[in-house]
Amino acid sequence: MPAATNLLLTHCVTLWLHASPEDHMRRIVAQGDMRPMAVDEAAMEDLKNILTGRVDFFGKADVPIDASGKVLAEAYMQLRSEV
């Protein structure tokens, strides 16, 4: 994955659409996804660790878009204003 990301960073405009752990969890549950992570009491801590682990890697994107608390149309409008 690092090689592919470096290739994209070198040759493309890259976007990183991210959100808070709470938004991620709400979206998972709203989609009806009841995988063990969505119902496990430690799920939020696990999700926070996963997302924290992605910051250094995906944070290299040219345009970070924080979609926390936004509906699709709002995130889209932010993206349009950034690019």
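Since this is a predicted model, take the numbers as computed values, not measurements. These numbers come from the heavy atoms of this one structure, side chains and all, not from hydrogens, waters or symmetry mates.
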For L47 and M25, run side chain to side chain contact (heavy atoms under 4.5 Å, CB included): C-alpha distance rounded to whole Å, both residues' side-chain angles, the deciding distance at 0.1 Å, then the answer. CA-CA 8 Å; L47 181 56; M25 188 61 75; 4.0 Å; yes
What are the two closest non-hydrogen atoms of F57 and T5, and how far apart are they? CZ-OG1, 3.0 Å
What are the two closest heavy atoms between A19 and H24, and how far apart are they? O-CD2, 3.3 Å
Between E74 and G69, which heavy-atom pair has the shortest distance, and what is it? OE1-O, 3.9 Å
Here the gap from F58 atom CZ to L51 atom CG, rounded to the nearest 0.5 Å, amounts to 10.0 Å
Under 6.0 Å from the CG atom of L72, do we count more than 12 heavy atoms belonging to anything else shown? no
List for me each residue that meets side-chain contact (heavy atoms from CB on, under 4.5 Å) alongside L15, sequence neighbours excluded, and say none if there are none. V63, L79, V83
If you look at every heavy atom in V13 and D62, which pair is closest and at what distance? CA-OD2, 3.3 Å
Measuring from atom NZ of K60 to atom CG of L9, what distance do you get when rounded to the nearest 0.5 angstrom? 7.0 Å
Nearest heavy-atom contact between P21 and M44 is CB-SD, 3.7 Å
Salt bridge (charged side-chain N to carboxylate O under 4.0 Å, His left out) with R54: which residues, sequence neighbours excluded? none
Is there a donor-acceptor pair closer than 3.5 Å between any side-chain N or O of K70 and the backbone N or O of D66? yes
With sequence neighbours excluded, tell me which residues meet side-chain contact (heavy atoms from CB on, under 4.5 Å) with S20. E22, D23, S68
